[in-house]
There are 2 protein chains.
Amino acid sequence: MKNFHPDNNCPVRNVLCRLGDKWSMLVLITLNANGTMRFCDIHKTIADISQRMLTVTLRTLETDGLVSRKVYAEVPPRVEYELTERGKSLIPHIEGLVDWALQQMPGIMESRSQTGTA
Amino acid sequence: MKNFHPDNNCPVRNVLCRLGDKWSMLVLITLNANGTMRFCDIHKTIADISQRMLTVTLRTLETDGLVSRKVYAEVPPRVEYELTERGKSLIPHIEGLVDWALQQMPGIMESRSQTGTA
DNA sequence: CGGGATCCCTCATGATACTG
DNA sequence: CAGTATCATGAGGGATCCCG
């Protein structure tokens with residue numbers, strides 16, 4: 001019997017831990033769709049994220065080497081974010097998931113309504 | 001500028017909402033790896049999930065039509081779970097993510113240690 | 001054995017205010 | 001503009017008890 005214990009190096013746990021949060025994937029696909037973006041731009045694009053969570057999310061992605069952060073020493077501070085190569089390499093997999101979601105959503109919605117559970 | 005607002009039908013939000021929780025993907029790949037499983041078996045395979053969360057997770061997956069639940073009217077109750085066709089169709093995408101995680105984990109770990117963030 | 005119901009607690013997230 | 005710091009919250013999840 002195959003299992004996926006949390007013990008040590010389970011990649012599933014690891015990837016879910018990092019990408020399964022509320023915002024990471026959203027930030028990644030946003031950056032992928034728009035290229036280099038400033039903090040404010042990302043914030044405007046993902047309107048319902050708080051400033052704090054955007055900062056935290058970007059920092060985590062930067063720590064994992066998925067996003068690069070470039071600070072310009074200007075008077076109105078400017079910081080630009082973009083996907084790293086590693087970040088870009090993840091995009092197809094996320095899009096695979098998104099495509100699946102798009103295809104299955106109607107059936108899933110129907111399934112949900114049938115069982116009566118919200 | 002492309003964005004992904006939460007407004008109505010954003011599949012990203014939807015799929016993350018359902019699969020980005022702590023256990024769903026784990027249950028899915030466990031069922032995929034082992035085929036039909038009893039409640040107890042799943043619980044033993046994913047040792048650190050609470051009975052409650054396993055129940056909740058399975059119910060949600062069942063509601064979305066990703067997992068089927070078969071109850072046998074026997075004296076020691078027996079309930080068997082297995083992936084539906086829709087559930088199986090999701091597996092490749094999850095595995096894509098897992099494979100990516102496996103490949104990138106060393107680099108990510110290195111990246112994390114460099115920035116000094118845990 | 002499978003799981004429903006309940007209580008409780010922690011952590012992730014949000015809101016606000018302040019700084020360089 | 002791009003954050004940091006602080007405080008408040010509520011939903012997710014764990015532990016326990018009970019039932020068919």
Side-chain angles (χ1 to χ4, degrees), chain A residues 1 5-6 13-27 30-31 34 36-64 67-82 115-118, chain B residues 1 5-6 12-14 16-27 30-31 34 36-64 67-82 115-118:
Chain A
M1 167 137 11
H5 286 309
R13 306 278 184 133
N14 236 303
V15 73
L16 284 189
C17 235
R18 292 286 171 157
L19 304 176
D21 74 337
K22 202 171 175 181
W23 304 110
S24 293
M25 289 207 197
L26 218 45
V27 170
T30 298
L31 280 175
N34 295 290
T36 303
M37 296 178 80
R38 300 181 59 166
F39 185 90
C40 207
D41 293 332
I42 305 177
H43 201 172
K44 273 181 285 189
T45 306
I46 310 175
D48 59 334
I49 191 175
S50 67
Q51 196 180 35
R52 170 184 152 78
M53 288 318 296
L54 181 52
T55 301
V56 171
T57 302
L58 284 169
R59 285 289 190 280
T60 302
L61 294 175
E62 190 196 357
T63 300
D64 281 8
V67 161
S68 72
R69 181 170 179 267
K70 197 172 181 181
V71 184
Y72 295 85
E74 300 175 0
V75 175
R78 183 155 59 102
V79 181
E80 288 182 350
Y81 295 90
E82 63 178 334
T115 15
T117 312
Chain B
M1 167 140 7
H5 285 309
V12 183
R13 307 278 183 132
N14 237 303
L16 284 188
C17 234
R18 291 288 171 156
L19 303 176
D21 73 338
K22 202 170 176 181
W23 303 111
S24 292
M25 287 208 198
L26 218 45
V27 169
T30 298
L31 280 174
N34 296 290
T36 302
M37 296 178 80
R38 300 181 59 167
F39 185 89
C40 209
D41 293 331
I42 306 177
H43 200 174
K44 273 181 284 187
T45 306
I46 311 176
D48 58 334
I49 190 175
S50 68
Q51 196 179 39
R52 169 185 150 77
M53 287 319 296
L54 181 53
T55 301
V56 171
T57 301
L58 284 169
R59 283 291 188 278
T60 302
L61 293 175
E62 190 195 357
T63 299
D64 281 8
V67 161
S68 72
R69 181 169 179 269
K70 197 170 180 182
V71 184
Y72 295 85
E74 300 176 0
V75 174
R78 183 157 59 103
V79 181
E80 287 181 349
Y81 296 91
E82 63 178 334
T115 15
T117 312

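No experiment lies behind these values; they were computed from the predicted model shown. Letters A, B, ... mirror the listed sequences (proteins, then strands); counts begin at 1.
- The residue among A:Val56 and B:Pro76 whose nearest nucleotide of DNA chain C is located toward the 5' end is B:Pro76.
- The side chain of B:Arg52 lies closest to D:dG13 when the candidates are D:dG13, D:dA2, C:dA15.
- Inter-residue side-chain proximity for A:Leu61 and A:Ser24 is flagged as met; some heavy-atom pair is nearer than 4.5 Å.
- Between B:Arg38 atom CZ and C:dG2 atom P the separation is 4 Å, expressed in whole Å.
- Here D:dC17 is the nucleotide among C:dG14, D:dC17, D:dT4 with the atom lying nearest to any side-chain atom of B:Gln51.
- For the pair A:Leu58 CG and D:dA2 P, the interatomic distance rounds to 11 Å; values are reported in whole Å.
- No contact: A:Glu74 has no heavy atom under 4.0 Å from any strand.
- Closest approach to the A:Tyr81 side chain among D:dG3, C:dT13, D:dG13 is made by D:dG3 (side chain taken as heavy atoms from C-beta onward).
- Going from atom CG of B:Asp48 over to atom C1' of D:dG13 covers 12 Å, rounded to whole Å.
- For the pair A:Leu54 CG and C:dG14 P, the interatomic distance rounds to 11 Å; values are reported in whole Å.
- The residue among B:Val71 and A:Pro77 whose nearest nucleotide of DNA chain C lies closer to the 5′ end is B:Val71.
- Atom CG of B:Leu26 is separated from atom P of D:dG13 by 12 Å (rounded to the nearest Å).
- In terms of phosphate contacts, A:Arg69 brings no side-chain nitrogen or oxygen within less than 4.0 Å of OP1 or OP2 of D:dA2.
- Checking the phosphate oxygens (OP1, OP2) of C:dG2, no side-chain nitrogen or oxygen of B:Arg78 falls inside 4.0 Å.
- We find that NZ of B:Lys70 is positioned 18 Å from C1' of C:dC1, with the value rounded to whole Å.
- A distance of 8.5 Å separates NE2 in A:His43 from OG1 in A:Thr55, rounded to the nearest 0.5 Å.
- For the pair A:His43 NE2 and D:dT4 P, the interatomic distance rounds to 14 Å; values are reported in whole Å.
- Comparing D:dG3, D:dC1, D:dG13 by their nearest atom to the side chain of A:Phe39 picks out D:dG3.
- Side-chain contact check for B:Leu58 versus B:Arg69: every heavy-atom pair is 4.5 Å or farther apart.
- Nearest approach of A:Tyr81 to A:Leu31, heavy atoms of both residues: O-CD2, 3.6 Å.
- Counting heavy atoms from C-beta outward, A:Arg59 and A:Val56 have side chains that stay 4.5 Å or more apart.
- Closest to the side chain of A:Thr55, from the set C:dG2, D:dT4, C:dG14, is D:dT4.
- Nucleotide C:dC11 holds its C1' atom 10 Å from the NZ atom of B:Lys22, rounded to whole Å.
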